Amino acid sequence: MDFTYDEEQQALREAVRGLVGKAYSDFENRRRAVAEDPGFDEQLWGRLAEMGILGLPFREEDGGSGAGPVEVAIVAEELGRVIAPEPYLASVVLAGGMVAAAGTAEQRAEVLGALSAGECVLGWAHAEPGASGAARWSATAAAVTASGSGTEWTLSGVKEPVVAGARADRLVVSAALPDGGTGLFLVDPAGPSVTRAGYPTHDGGRAARVGLDEAPAVPLGEPGADLTATIAVVLDIGRVMACAEALGAMDVALASTTDYLRNRKQFGVPLSTFQALTFRAADMYVSLELARSVTTWATMVVAAGRPEQVADAAARAALQTSRAGRHLGQEAIQLHGGIGMTAEYAVGSYTSRLTALDHLLGDGDHHLRRLASTVGEHGEVDPLP
Amino acid sequence: MQLELSPEDAAFRDEMRTFFTTEIPQEIRDTVAERRELTKEQIVESQRLMNQHGLAVPHWPVEWGGQDWSQLRRHIWHEEMQRAAVPPPLAFNASMVGPVIATFGSQELKERFLPATANLDIWWSQGFSEPDAGSDLASLRTTAVRDGDEFVVNGQKTWTTLGQYGDWIFCLVRTDPEAKKQRGISFLLIDMTSPGVTVRPIELIDGGHEVNEVWFEDVRVPADQLVGELNHGWDYAKFLLGNERVGVAPVGATKRVLAAAKQYAGEQLADPLTAARFAELENELLALELTALRVAANSSDGKPHPASSVLKLKGTELQQAVSELVVDLAGPDSLASGAGEDSAIPWWSRRATPAYLNLRKASIYGGSNEIQRQIIAKTILGL
Ligand SMILES: Cc1cc2nc3c(=O)[nH]c(=O)nc-3n(C[C@H](O)[C@H](O)[C@H](O)COP(=O)(O)OP(=O)(O)OC[C@H]3O[C@@H](n4cnc5c(N)ncnc54)[C@H](O)[C@@H]3O)c2cc1C
């Protein structure tokens, strides 16, 4: 058991921190980047590609650099620290992860090679509008259906919200198969029968409604095969990486709050002289450290575990991080007072991003429901394999 | 980063598991598992068995019976002990006075006290708190005045846990009334059978008697029972309280009670709200356990990790929350706390409320949870 990064991992962290920190540690730069479409800095995306960051999770023969989940989590956390608007989670971890897990050798080389090189932004078109109950955050598709056989397939239906959907050069789309199950398809968004309506999201990102009307689509991997289990695993990995991104954001939100408490004077003294406030900061720290422990552990489970262990660890990390993110986000604004409410000041944007991450892949209650349904099946939870 | 224990650590864990589940008498472990009160004899027997095998004081220097273990191994030792429902070595001896004597005491004091302390031949009590000095411990007033080769001690200590069993008591006493609060305090070892020492019981809300008042009236204490330097007692006390916090998150024990609670719950586990309470507590305990592992893995220099306050704060909150859940599972049966063995109500329901009430102490002693928040805010967050 060892929670520390090795030297290479520390070097990676420093390199990413240097790059994205230069771009966004001045919050004005981030505001400028998110003000205009595509909502992120294309040049920075290119530099991330040059550094090998976009290809990090993919095998070398697929054009990536063959790193592991720990490295991806390091990147996610650093992006979280500056709430970088680049669609790393959606494009690389989720859409790219689906191609890596389900695609044929040629598909992987072609799509992931271009993604790693920064030449292609992938969109992950999975969420379906108005999904509720078991359909929400599930690994299956229902509202978009696939028809066809062999290599000739078309998709129909609506996906929304699709993160970076309007900017994406390629879409990875999940769809209900004619014989049951869910398949994955590559769709050219500029092709016929595809409509896209992009819009900004509350966290400064971009999303889109993607309409498919018998749009031509290429099945990923073996045509017609049910990929629900594959999708589930990649979503679980995405959850853990979303938690890592949230850790970065929470860390900075807390640091910003403690700085503010030290510097802001009211009643002739710094706010930090009021114990009612410092105790709340202490509780924020407790929440953050506990979330960090579970997320770091879950990352190691992704690196070492079997799919059912990954699913369990992802749910546990997501539950802990959801609770922590809300706690830290809400308290960070409250302890900043009025200035925390302003768009010009960063802390509110951190809370907004934490809220987006919380709802992207399943909120705390969603994961709690799942964990609660199986509490009778084990005695204790043992983190060590 | 690495998830698994190394093969050596895994083997160590198995070794500990085997020892605790086979060498410590079942009857003692059942008493702990059923959350009943241990007798003095049971605590002594258990610690002596551990000491015979070199497992009572692993965090002491090797020459005094310690083990050259990594922090991780100490953690594993501690968790396996709790998992097997083995009573931990008496904290006053093993985690408090022992390390203080081993670190700051003279060679003579070490030889005189450490072996007997490890083996629980001496039962120590902690004489820190006073009626007007709780969280603000440095305002204590018990005095020790030098008279020839002796100190003469006068004053009152309170909240002395298990003082009724105490052979000796380690006290903070004021030796320089002129000096600033923290400066005039010394760390003194006092034989509780000395003339002038009186111990009076205090009854707690669970009906039990685990704490006492201790009075000192002109008690004469040989001057060589002073630990370290005169008027430096505050430093030793801080050292001691830091150690106390590290072992204080009883994750293993709380996990064991939560797992047992599932058995108690029976059909109630089908209730979504009850199941969710279990799942949420399990997850928080997982987070705490992993944090304890992180802290253990990162405090290789032997000093308490700053985040150990997180362990005390959250560890006691969860311990209390689990005990609260058990009362709720017992429902109306929980009223039968005074019923005897012929009751139709199971023992766990009868024990539920006294255990819950008793555990309210956990967030008060050992530096209350408010004091832990203060430590986090000041020393970690710089507020
Ligand atoms: C069961 C039990 C066993 C104990 N065993 C021992 C023992 O063996 N030996 C021994 O020496 N002592 C022992 N103690 C004493 C224990 O350490 C004290 O009770 C503790 O330090 C708190 O002091 P107090 O009770 O005087 O509360 P107070 O200090 O009066 O505190 C009252 C409340 O105010 C809060 N508070 C105090 N100061 C602050 C502050 N600055 N900011 C915010 N909140 C604050 C506290 O957290 C608490 O909630 C024991 C206590 C209990 C309950």
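The sequence lines fix the lettering, A, B, ..., with proteins before strands; numbering per chain opens at 1. The structure displayed is predicted, hence computed values, not measured ones.
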In Å and rounded to the nearest 0.5 Å, what is the [atom1] to [atom2] distance from [X] to [Y]?
{"X": "A:M284", "Y": "B:I376", "atom1": "CE", "atom2": "CD1", "answer": "12.5 Å"}
{"X": "A:Q275", "Y": "B:E370", "atom1": "CD", "atom2": "CD", "answer": "8.5 Å"}
{"X": "A:F3", "Y": "B:Q2", "atom1": "CZ", "atom2": "CD", "answer": "11.0 Å"}

Any [X] side-chain heavy atom under 4.5 Å of [Y] side chain:
{"X": "B:M1", "Y": "A:D2", "answer": "no"}
{"X": "B:E284", "Y": "A:L290", "answer": "yes"}
{"X": "A:T296", "Y": "B:L290", "answer": "no"}
{"X": "A:T278", "Y": "B:L381", "answer": "no"}
{"X": "B:K314", "Y": "A:E289", "answer": "no"}
{"X": "A:V294", "Y": "B:T291", "answer": "no"}
{"X": "B:E282", "Y": "A:R316", "answer": "yes"}
{"X": "A:H378", "Y": "B:K262", "answer": "yes"}

Discussion item. Less than 4.5 Å to any heavy atom of chain B: does that hold for the side chain of A:L271, its backbone, both, or neither?
Written reply: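 Interface part for A:L271: neither.
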Worksheet item: Side chain, backbone, both or neither: which part of A:Y285 has a non-hydrogen atom closer than 4.5 Å to chain B?
Response: side chain
Let's test your reading of the structure: which of [options] forms the most heavy-atom pairs below 4.5 Å with chain B?
{"options": "A:V301, A:D365, A:D283, A:V70", "answer": "A:D283"}
{"options": "A:L371, A:L368, A:T257, A:T374", "answer": "A:L368"}
{"options": "A:A372, A:A282, A:S293, A:G364", "answer": "A:S293"}

Worksheet item: Should B:E280 and A:R323 count as an ion pair when the cut-off is N to O under 4.0 Å?
Response: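 Here B:E280 pairs with A:R323 in a salt bridge, since their nearest N and O are under 4.0 Å apart.
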Worksheet item: Relative to chain A, which segment of B:L285 carries a heavy atom at a distance below 4.5 Å: side chain, backbone, both, or neither?
Response: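 For B:L285, no heavy atom lies under 4.5 Å from chain A.
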Worksheet item: Side chain, backbone, both or neither: which part of B:R256 has a heavy atom under 4.5 Å from chain A?
Response: both
On a heavy-atom basis, which atom in [X] and which in [Y] lie closest, and how many Å separate them?
{"X": "A:R262", "Y": "B:G382", "value": "NH1-O, 3.1 Å"}
{"X": "A:A281", "Y": "B:L383", "value": "CB-CD1, 3.7 Å"}
{"X": "B:E289", "Y": "A:V381", "value": "OE1-O, 4.1 Å"}

Worksheet item: side chain to side chain contact (heavy atoms under 4.5 Å, CB included) between A:W297 and B:L286: does it pass, once the steps are laid out?
Response: CA-CA 10 Å; A:W297 165 79; B:L286 171 72; 3.7 Å; yes
Worksheet item: In this structure, are over 12 heavy atoms from other groups packed under 6.0 Å from B:K378 atom NZ?
Response: no
Discussion item. For the CD atom on A:E308, are there more than 12 heavy atoms of other groups (residues, nucleotides or ligands in this structure) within a distance under 6.0 Å?
Written reply: yes
Fill in: Choice from B:D9, B:L258, B:V310 maximising heavy atom contacts with chain A below 4.5 Å
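Maximum pair count with chain A is reached by B:V310.
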